[in-house]
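All residue numbers refer to positions in the sequence shown, counting from 1.
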Amino acid sequence: MTNFSQKDFGEQILRPAWIEINLNAVAENVRHIKKYLGKTRLLAVVKADGYGLGAVETVEVISENGADCLGVVMLDEAVELRRAGIKTPVLNMGTILPSQAQYVIEYDLEQIVFRPEMARLLSQQAKNKNRSAKIHIKIDTGMSRYGVHYSEAIDTIIKIASMPNLKIVGAMTHFPRSDALDKSFALLQIVRMKKIRKELESRGIQIPVWHLANSGATLDLPDSFFDMVRVGLMNYGYFPSEEVRRPFPLKPAMSVRAQIVNIKHIKRGDTVGYGRRFIAEKDEIIAILPMGYADGYSRKLSRIGEVLIRGRRVPIIGGLCMDAFFLKITDFPDIQEGDTATLMGIDGGEEISPHDIAGLTGSVSYEVISNFGKRMPRVYIRDNKIIKIKNYQLGSLEI
Ligand SMILES: Cc1ncc(COP(=O)(O)O)c(C=O)c1O
């Protein structure tokens, strides 16, 4: 049986469906990563509200356990951290509009730059405020997302390096395929970055912090470490794929739970859900969970997904609705209304991981965890106690 039910949350969470975040697990994961990295610095990627687990709440633990820097992908995310009083260096790894350069200075952020025009705007803004803008040059070595193409990197960096009130504190690239068995392209990207670094050094340009690695490269490509790695998913307890090495253990930090709100005895020939996708061939017992695809639980799990109740795997039947779905519990006569189901996480000896869900829905674990919506309240647990409830609809409560 799982620990919590709606009555533990009182008026803070009225719907019997929630996400538990185990902050001790986050702390342990970060400690393992830090120990494994040795002297290499750690930038913790906390974009997308900490991959769905809560940026502000998890950053506290991540910073306590040794992250040197935080990574986000938009100004709003960076500003959220600053407004929450977080002082750790924050790198915005996404691009900004020309009119937004002022915020980088105002909120003391570090910003990726890959065009001289953007560097010039940051330089001007910093100069106006008598400050220095800290930038990381983003080099595109094969992702074709943000970044100056590696063949033009030297010229661009030379132009930017001469601008006043600008400090190039970092240089980075990103791997599109570091968590696959075949590392040949990632290795080529490392060679491209090494060449650029060497060429810059020969021209007297020293950039202090070079960083390439995401979770996959952190596990499998120590040659990509340079000065710092950027780890997101692993902080939250998940390896990026089945194909990577696992040199240290990780503890999943996110559990998704809902309570059975209704049990029904249906008759042979009765149908279940939209589209009548389940037709009972005999009398059956079904249970209804009050959570659906509008909560980020994929509709593709209709008829093929499972949940855990009382440590056993229970099948989903019929089509998932926006706010509810159906289980067939005929074979589990002990299951009762009010029982807590685990949609993702551990119950007894069983586990449903984001990888399991992604395997069924044709997705990736990243999407599974970051997709749980804002209708799902987050319950933060430390040392087996609830320390905070974040309910996006009703407001938060520090406990
Ligand atoms: C630029 C950049 N660096 C690092 C990461 C972290 O990746 P991971 O979650 O695989 O560690 C991401 C996430 O996708 C990213 O966009």
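Although no hydrogens or angles enter the test, the distance criterion places no donor-acceptor pair under 3.5 Å between the side chain of Asp155 and the main chain of Glu152. In terms of modelled atom types and a separation under 3.5 Å, the side chain of Lys47 and the main chain of Val73 share no donor-acceptor contact. The closest donor-acceptor contact from the side chain of Glu337 to the backbone of Ile263 lies under 3.5 Å. The backbone N or O of Gly10 lies less than 3.5 Å from a partner atom in the side chain of Gln6, making a donor-acceptor pair. With hydrogens and angles ignored, the 3.5 Å screen pairs no side-chain donor or acceptor of Glu351 with any backbone N or O of Ile346. Remark: side-chain polar atoms of Glu284 are not paired, donor with acceptor, to backbone N or O of Ile329 under 3.5 angstrom. A side-chain donor-acceptor contact under 3.5 Å links Lys183 to the backbone of Ser178. Here the side chain of Thr40 pairs no donor or acceptor atom with the backbone of Phe225 at under 3.5 angstrom. No donor-acceptor pair closer than 3.5 Å links the side chain of Asn29 to the backbone N or O of Leu250. No side-chain donor-acceptor contact under 3.5 Å links Asn262 to the backbone of Ile288.
Two residues are said to be in side-chain contact when any heavy atoms from C-beta on lie closer than 4.5 Å; Phe239 and Asp179 fail this criterion. Between His32 and Met234 the shortest side-chain heavy-atom distance does not fall below 4.5 Å. In this structure the side chain of Arg41 never reaches within 4.5 angstrom of the side chain of Cys69, judged on heavy atoms. Within the 4.5 Å cutoff, no side-chain heavy atoms of Val72 are placed close to those of Leu109. With a 4.5 Å cut-off on side-chain heavy atoms, Leu327 and Ile317 do not count as touching. Looking only at side-chain heavy atoms (C-beta outward), His136 and Gln111 stay at 4.5 Å or farther from each other. Contact check for Ile19 versus Met254: side-chain heavy atoms found under the 4.5 Å cut-off. Residues Tyr236 and Val26 have side chains in contact (heavy-atom distance under 4.5 Å, counting atoms from C-beta outward).
Applying the side chain to side chain donor-acceptor pair (under 3.5 Å) test to every pair with at least one member in residues 162-175, sequence neighbours left out, gives these pairs: Thr141-Thr173, His174-Arg230.
In this structure, Lys127 places its NZ atom where only 12 or fewer heavy-atom neighbours from other residues, nucleotides or ligands lie under 6.0 Å away. For CG of Asn130, the number of neighbouring non-hydrogen atoms (other residues, nucleotides, ligands) closer than 6.0 Å is 12 at most. Open room surrounds OH on Tyr103; 12 or fewer heavy atoms of other groups in view lie less than 6.0 Å from it. Within 6.0 Å of NZ in Lys134 there are 12 or fewer heavy atoms belonging to other residues, nucleotides or ligands. In Glu60, the CD atom is not crowded: 12 or fewer heavy atoms of neighbouring residues, nucleotides or ligands sit closer than 6.0 Å. The environment of CZ in Arg192 is crowded: more than 12 heavy-atom neighbours from other residues, nucleotides or ligands sit within 6.0 Å. More than 12 heavy atoms of other residues, nucleotides or ligands lie within 6.0 Å of CD in Glu117, so this atom counts as buried by the packing criterion. The neighbour count for Arg197 CZ, taken as heavy atoms of other residues, nucleotides or ligands under 6.0 Å away, is above 12.
The hydrophobic clustering, which links ILVMFWY residues whose side-chain heavy atoms are closer than 4.5 Å, places Leu308 and Val261 apart. Leu97 and Val104 fall into different hydrophobic clusters, defined by Ile, Leu, Val, Met, Phe, Trp and Tyr side-chain heavy atoms under 4.5 Å apart, directly or through other members. Under the 4.5 Å side-chain heavy-atom criterion for Ile, Leu, Val, Met, Phe, Trp and Tyr, Ile137 and Met143 are members of distinct hydrophobic clusters. Both Met118 and Ile158 belong to a common hydrophobic cluster when Ile, Leu, Val, Met, Phe, Trp and Tyr are linked at side-chain heavy-atom distances under 4.5 angstrom. A single hydrophobic cluster is not seen to contain both Phe278 and Ile335; linkage of ILVMFWY side chains at heavy-atom distances under 4.5 Å, directly or through other members, places them apart.
Across every non-hydrogen atom of Gly232 and Ser215, the tightest pair is N-OG, 3.9 Å. For the residue pair Phe326 and Gly273, the shortest heavy atom distance occurs at CE1-CA, 3.6 Å. Residues Leu343 and Ile352 share a closest heavy-atom pair of O-CG2, 3.5 Å. In terms of heavy-atom proximity, Ile168 sits nearest to Pro208 at O-CD, 3.4 Å. Closest approach of Arg313 to Phe332, counting heavy atoms only: O-CZ, 3.3 Å. Scanning all heavy atoms of the two residues, the minimum distance from Asp339 to Asp334 falls at OD2-O, 4.3 Å.
Arg82 and Tyr107 are not linked by any side-chain donor-acceptor pair at a separation below 3.5 angstrom, with hydrogens and angles left out of the test. Ser353 and His355 are not linked by any side-chain donor-acceptor pair at a separation below 3.5 angstrom, with hydrogens and angles left out of the test.
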- [ ] Check step by step if side chain to side chain contact (heavy atoms under 4.5 Å, CB included) holds for Gln189 and Leu212.
- [x] CA-CA 9 Å; Gln189 290 181 277; Leu212 291 69; 5.9 Å; no
Task: From CA spacing to verdict: side chain to side chain donor-acceptor pair (under 3.5 Å), Thr330, Lys328 - done: CA-CA 6 Å; Thr330 316; Lys328 183 158 85 76; 4.7 Å; no
Task: Intermediate values then yes/no, side chain to side chain contact (heavy atoms under 4.5 Å, CB included), Ile33 and Asn235 - done: CA-CA 8 Å; Ile33 296 164; Asn235 299 322; 3.4 Å; yes
TODO: Take Asn22 and Ser255 through the test side chain to side chain donor-acceptor pair (under 3.5 Å) and record every step on the way to the result.
DONE: CA-CA 8 Å; Asn22 178 350; Ser255 306; over 6 Å; no
Open item on the list: Is there a salt bridge (charged side-chain N to carboxylate O under 4.0 Å, His left out) between Glu57 and Lys390? Walk through the geometry before answering.
Closed with: CA-CA 9 Å; Glu57 290 76 12; Lys390 188 168 172 184; 3.1 Å; yes
TODO: Determine, stepwise, if the pair Arg257 / Asp347 fulfils salt bridge (charged side-chain N to carboxylate O under 4.0 Å, His left out).
DONE: CA-CA 10 Å; Arg257 320 245 199 226; Asp347 181 8; 6.0 Å; no
Open item on the list: As a quick check of understanding, evaluate ring pair (Phe, Tyr, Trp, His ring centres under 6.0 Å) for Tyr51 and Tyr238, giving each step before the final call.
Closed with: CA-CA 11 Å; Tyr51 287 43; Tyr238 309 104; 9.6 Å; no
Open item on the list: Is there a side chain to side chain contact (heavy atoms under 4.5 Å, CB included) between Arg15 and Met291? Walk through the geometry before answering.
Closed with: CA-CA 9 Å; Arg15 72 175 297 192; Met291 200 186 141; 3.9 Å; yes
TODO: Begin from the C-alpha positions of Glu106 and Val79 and carry the test side chain to side chain contact (heavy atoms under 4.5 Å, CB included) through to its verdict.
DONE: CA-CA 10 Å; Glu106 199 174 312; Val79 170; over 6 Å; no
Give every donor-acceptor pair under 3.5 Å between a side-chain atom in residues 367-376 and any protein atom, sequence neighbours left out.
unit_1 : atom_1 : unit_2 : atom_2 : d
Glu367 : OE1    : Ser363 : OG     : 2.3
Ser370 : OG     : Tyr366 : O      : 2.8
Lys374 : NZ     : Asp49  : OD2    : 3.0
Arg375 : NE     : Asp295 : OD1    : 3.0
Arg375 : NH1    : Asp323 : OD1    : 3.0
Arg375 : NH2    : Asp295 : OD1    : 3.4
Arg375 : NH2    : Asp295 : OD2    : 3.3
Arg375 : NH2    : Asp323 : OD1    : 2.9

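Among Tyr392, Phe4, Phe9, Tyr380, the one residue that satisfies the ring-ring contact (aromatic ring centres under 6.0 Å, His included) test with Trp18 is Phe9.
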